[in-house]
Amino acid sequence: MTAQSRLLARADFNALIHALEAQGYRVLGPRERAGAIVFDEITRAEDLPVGRVSAQQPGSYRLEDSGNGRFFDYVHGPESLKRFLFAPEERLWTVSAEGTVSFKETLPEARPVAVIGARACDIAGMQVQDRTFLAGNEKIPPLLKGGHGGIYTDPYYATRRENLFIVAVNCTRSAATCFCASMDTGPRARAGYDLALTELEDDFLVEANSTAGEALLAALPLRNADAGAESAAAEAIEAAAVSQTRRMDTTGIQALLFDNLEHPRWDDVAERCLSCGNCTMVCPTCFCHSETDVTSLDGATSEHRRQWDSCFALDHSYLHGAQIRPQIRQRYRQWLTHKLASWIEQFGTSGCVGCGRCITWCPTGIDLIEEVNAIRATPGAQRAADI
Amino acid sequence: MNAVAHILNPYLPQRAEVVERVEEGRDIFTLRLRLCDETARAAYRFQPGQFNMLYLIGAGEVAISIVSDPDNPELIDHTIRAVGRVTQGLQQLKAGDALGLRGPFGRGWPLEAARGRGLLLITGGLGCAPTTSMIHYALQRRAQYGPLTVCHGVKHPDDLIYTDRIQTWCGAPDTQVLLTADKGTPEWRGRVGLVTQTLDDVEPELFKGVAMMCGPEPMMRAVAESLLQRGMALNDIYLSLERNMHCAVGHCGHCMFGGKFICKDGPVFSYAEVRTLLAVKGF
Ligand SMILES: Cc1cc2nc3c(=O)[nH]c(=O)nc-3n(C[C@H](O)[C@H](O)[C@H](O)COP(=O)(O)OP(=O)(O)OC[C@H]3O[C@@H](n4cnc5c(N)ncnc54)[C@H](O)[C@@H]3O)c2cc1C
Ligand code: SF4
Ligand code: SF4
Ligand code: FES
């Protein structure tokens, strides 16, 4: 069943922001900050990166003027939805040793947040993380039976997830690093959003995909869309898909990578990789984190905190006074095999949604597609053993 | 404003107290713990081979195996080696002191699959806590299992702990203990050599049983391969693995071993599940 889609004039965009505010949401949207697009609070359409496009290449991101007044041609920046659900740093609980020792959970405030401008890859990335952090939550598809996958729900993630309202934007433009079409995640948002917008000449085609989304539509100045508007939207999205020159070939990817763990290409990429972890920070699906305690000076109270961690950090694999993965070769291999192969074993889905962020934001421009292709080109090649 | 209040917080420790503390050897001690909350205590159940996350106030959390008997789940024993910040802190605790406990976590030993069969329990180095729990479990239920052989290897005779308990094991019916040290001393009465060599002295019928082991990975691999050569089935060989752990619930990524989370898919695995990857360095 597809509901009747409607049109919101670009000139009426403020009505969307105000309707969300009126329903109690904190409204976040894309804003230009220090040369990149990030999500931040917006109060009016002028806050959006109007007429800006991103030129993305391996290791490079630049914002340029497009010469038109479109709102969402920028495609994306380094941020996805990840930080709104899985916080970069947060307190999990506190403990007090004064009198009787007591532990107290510190769940995040259940404050409704609306994000305008989530892309298909961002939503797909969120749905991949749902499989890590949620189990048995009604909103979430049940985990694949028989496979591994989460059995514990993370209440911090779940609280934010329950309170997130997503206004998706279907991409009508792709960046040069995008490959969502080949990962079957975009450029059209398929599920998991409340409202979806497709930017047309002077309007947005608006579609609702949840009760909350329907309720919001009632508060907007909309016209019914005719078939012409719907096909214009479909064509624009299809054009974005067709324009993607990067494609990931995932045929037999689990066997390909795990049969080539000693391939010389891992040494080759290790020469270029700085092990900086940027790729894991910008990736919408990476979930690694570490926990630490911050104790008061008198030792009477302590906060147990967690923060994003990266498998590129040397201590990530610390065990018995040494590291399991001391070499960059081993850490890059851990990341790539996890992302593209082990993830499927764990969660029944790839850990890559094809957003291309790790390619753009890698300081040395490493492209995971090229790394896979290089192994595919010479399967079975063996590195010389370490001396 | 949907609060997710109905979800149990798997990150939140329960308050526990030290009931008793036993010195086992140099820097090795056993903490007998009890959950303070009555409801939590009554609900707590575990299996041999599972572990808890013990939280020392202000210091941090570490994964520690449970070594006591699951039929007495109100008293939970942990044998700990002081190696770093948190474990050295735990070493300072005395009876009556409080700490945090989350658990139990993970998949333990295959108790049902092993019932009625011979048991070969192998440990090397210092990692003997998980197998100790299984030895105790089987000896408490001696009739449910076939012949039991324990192969225990240490680097140096001084590393041997539980000497009294080992004496008791030797006296149990249909039970054999093979001790070995990499290097002997004049007083050492056990074998000298690697734990793999003790397999030569194991009764052949045990190779038709089930093997369970823990210890350093190279040692476990060598033993497992040797067991395969002696005719044991891949699916009858079980190992307890270790990795860095922060969350214990499959969320933090630290314990990953290829597509497995050691914390929730393990720590016990059949050799069939992990054989290929154990042969590769860096996972
Ligand atoms: C499933 C499992 C069961 C275990 N059972 C026992 C047991 O019964 N008795 C025992 O003495 N030890 C056991 N260990 C090892 C124990 O967890 C480590 O010795 C302990 O974490 C070291 O912490 P530390 O702060 O004292 O040392 P540090 O070297 O200061 O460690 C710092 C941090 O690194 C991580 N870390 C370091 N070593 C290990 C390790 N070996 N395993 C996991 N994380 C580690 C932890 O996050 C730790 O807090 C077990 C480990 C696992 C994974
Ligand atoms: S691996 Fe790279 S392209 Fe794939 S989802 Fe992560 S950041 Fe995007
Ligand atoms: S692949 Fe690039 S972004 Fe990722 S750790 Fe290596 S240098 Fe950093
Ligand atoms: S310990 Fe965190 S995923 Fe296993």
Side-chain angles (χ1 to χ4, degrees), chain A residues 24 92-93 95 97 100-103 105 107 110-112 132-133 137 148-156 158-159 162-163 258 261-262 286-293 295 299 302 304 306 309 311 315-321 324-325 327 329-330 333-334 337-338 341-346, chain B residues 1-17 36 53 55-61 83-84 86 97-100 102 105 125-127 216-217 242-261 263-265 276-277 279-283:
Chain A
L92 297 179
W93 42 263
V95 57
T100 325
V101 167
S102 63
F103 294 91
E105 66 179 350
L107 289 176
R111 164 131 198 235
T132 301
F133 290 122
N137 191 312
H148 296 279
I151 32 172
Y152 294 94
T153 287
D154 178 326
Y156 307 87
T159 300
E162 294 276 344
N163 287 282
F258 276 96
L261 296 175
E262 303 296 346
C286 278
F287 55 75
C288 279
H289 62 263
S290 52
E291 296 174 28
T292 44
D293 281 86
T295 306
S302 191
H304 194 71
R306 73 170 168 196
D309 198 354
C311 57
D315 270 354
H316 187 277
S317 63
Y318 176 87
L319 188 72
H320 299 306
I324 300 276
R325 293 182 278 278
Q327 304 170 355
R329 175 183 79 92
Q330 296 164 330
R333 185 181 67 182
Q334 169 70 19
T337 54
H338 183 220
S342 323
W343 218 292
I344 303 173
E345 182 183 337
Q346 291 169 338
Chain B
M1 293 93 315
N2 301 302
V4 191
H6 54 283
I7 294 170
L8 276 180
N9 190 336
Y11 284 91
L12 189 69
Q14 296 272 352
R15 183 158 61 96
E17 65 180 10
C36 298
M53 294 300 283
Y55 172 76
L56 178 69
I57 294 160
E61 251 186 332
V83 293
V86 178
D97 285 346
L99 71 166
R102 289 192 290 144
F105 294 114
L126 309 161
E217 281 173 26
E242 244 182 68
R243 282 293 176 272
N244 189 301
M245 286 190 182
H246 284 238
C247 72
V249 293
H251 293 168
C252 78
H254 282 270
C255 72
M256 270 191 279
F257 182 66
K260 310 270 188 291
F261 289 100
C263 65
K264 69 187 176 91
D265 302 330
T276 321
L277 219 48
V280 184
K281 264 187 114 144
F283 275 94

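Remember, it's a predicted structure, so these values are computed and weren't measured experimentally. In what follows, chains are A, B, ... by sequence order, proteins preceding strands, each numbered from 1.
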Please report the closest heavy-atom contact between B:Pro10 and A:Pro155, naming both atoms and the distance.
CD-CD, 3.8 Å
Measure the acute angle between the ring planes of [X] and [Y], then classify it against the limits of 30° and 60° as parallel, tilted or perpendicular.
| X | Y | answer |
| --- | --- | --- |
| B:Tyr11 | A:His289 | tilted |
| B:Phe283 | A:Phe258 | tilted |
| A:Phe287 | B:Phe261 | tilted |

With the side chain counted from C-beta on, respond yes when [X] and [Y] share a heavy-atom pair under 4.5 Å apart, and no when they do not.
| X | Y | value |
| --- | --- | --- |
| A:Ser302 | B:Tyr55 | yes |
| A:Trp93 | B:Asn9 | no |
| A:Arg306 | B:His246 | no |

Region of B:Leu99 that comes under 4.5 Å of a non-hydrogen atom in chain A
backbone
Select one option (side chain, backbone, both, neither) describing which atoms of B:Ile57 are under 4.5 Å from chain A's heavy atoms.
side chain
Chain B heavy atoms under 4.5 Å from [X]: which part of the residue, side chain, backbone, both or neither?
| X | value |
| --- | --- |
| A:Thr295 | side chain |
| A:Thr337 | side chain |
| A:Ile324 | both |
| A:Val101 | both |

Sequence neighbours excluded, the answer for side-chain hydrogen bond (donor to acceptor under 3.5 Å, both in side chains) partners of A:Arg333 is none
If I take atom [atom1] from residue [X] and atom [atom2] from residue [Y], how far apart are they, to the nearest 0.5 angstrom?
| X | Y | atom1 | atom2 | answer |
| --- | --- | --- | --- | --- |
| B:Met245 | A:Leu319 | CE | CG | 9.5 Å |
| A:Tyr156 | B:His251 | OH | NE2 | 11.5 Å |
| A:Gln346 | B:Met256 | CD | CE | 5.5 Å |
| B:Lys281 | A:Glu262 | NZ | CD | 10.5 Å |

I'd like to know which of B:Cys252, B:Cys255, B:Gly258, B:Ala59 tops the heavy-atom pair count under 4.5 Å against chain A.
B:Cys252
In terms of heavy-atom pairs under 4.5 Å with chain A, which of B:Thr276, B:Leu12, B:Val280, B:Leu277 leads?
B:Leu12
Step-by-step side-chain contact (heavy atoms from CB on, under 4.5 Å) determination, A:Glu291 to B:Cys247
CA-CA 8 Å; A:Glu291 296 174 28; B:Cys247 72; 3.7 Å; yes
Please list, chain by chain and in numerical order, all residues satisfying side-chain contact (heavy atoms from CB on, under 4.5 Å) with B:Glu17, sequence neighbours excluded.
B:Arg34, B:Cys36
Looking only at A:Cys311, A:Ser342, A:Gly299, most heavy-atom pairs under 4.5 Å shared with chain B are made by A:Ser342
Would a distance-only check, ignoring hydrogens and angles, find a side-chain to backbone donor-acceptor pair under 3.5 Å from A:Asp293 to B:Gly58?
no
Looking only at side-chain N and O atoms, does A:Asp309 offer a donor or acceptor that is under 3.5 Å from a partner on B:His254?
yes
